[in-house]
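Basis for what follows: all heavy atoms, side chains included, without hydrogens, waters or symmetry-related copies. Note that the coordinates shown come from a computational prediction; the quantities given were computed from them, not determined experimentally.
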Amino acid sequence: MDQRGIEFMFYGLSSAWLLLAAYAVTLVVRERRIHEEIHRLRNLVEDRDRK
């Protein structure tokens with residue numbers, strides 16, 4: 001493999017890892033929002049049950 005092919009492979013793999021990292025971050029953010037929503041809903045139900 002020549003130097004140019006190695007550069008293309010490096011850029012391709014780097015792009016793939018960056019996309020995977022960005023996807024992982026979005027999953028973490030979504031999961032955090034879901035947990036916050038569950039906590040908020042749980043509090044609403046508990047408050048309603050107390051009345």
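- Here the CD1-CG distance, from I38 to N43, works out to 12.0 Å after rounding to the nearest 0.5 Å.
- Remark: of the listed residues E31, R32, E37, H39, E31 is the sole one forming a side-chain hydrogen bond (donor to acceptor under 3.5 Å, both in side chains) with H35.
- Salt-bridge check for R4 with E7: failed, with every basic side-chain N at 4.0 Å or more from each acidic carboxylate O.
- Side-chain contact between L41 and L44 is present, with heavy atoms from C-beta onward closer than 4.5 Å.
- Using a 4.5 Å heavy-atom threshold, the side chains of R40 and E36 count as separate.
- By the salt bridge (charged side-chain N to carboxylate O under 4.0 Å, His left out) test, D2 is found to be paired with no residue, residues two or more places apart in sequence or in another chain being considered.
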Would you tabulate the side-chain donor-acceptor contacts of residues 11-21 under 3.5 Å, counting partners in other chains and residues two or more places apart, or write 'none'?
{"residue": "S14", "atom": "OG", "partner": "F10", "partner atom": "O", "Å": "2.8"}
{"residue": "S15", "atom": "OG", "partner": "Y11", "partner atom": "O", "Å": "2.8"}

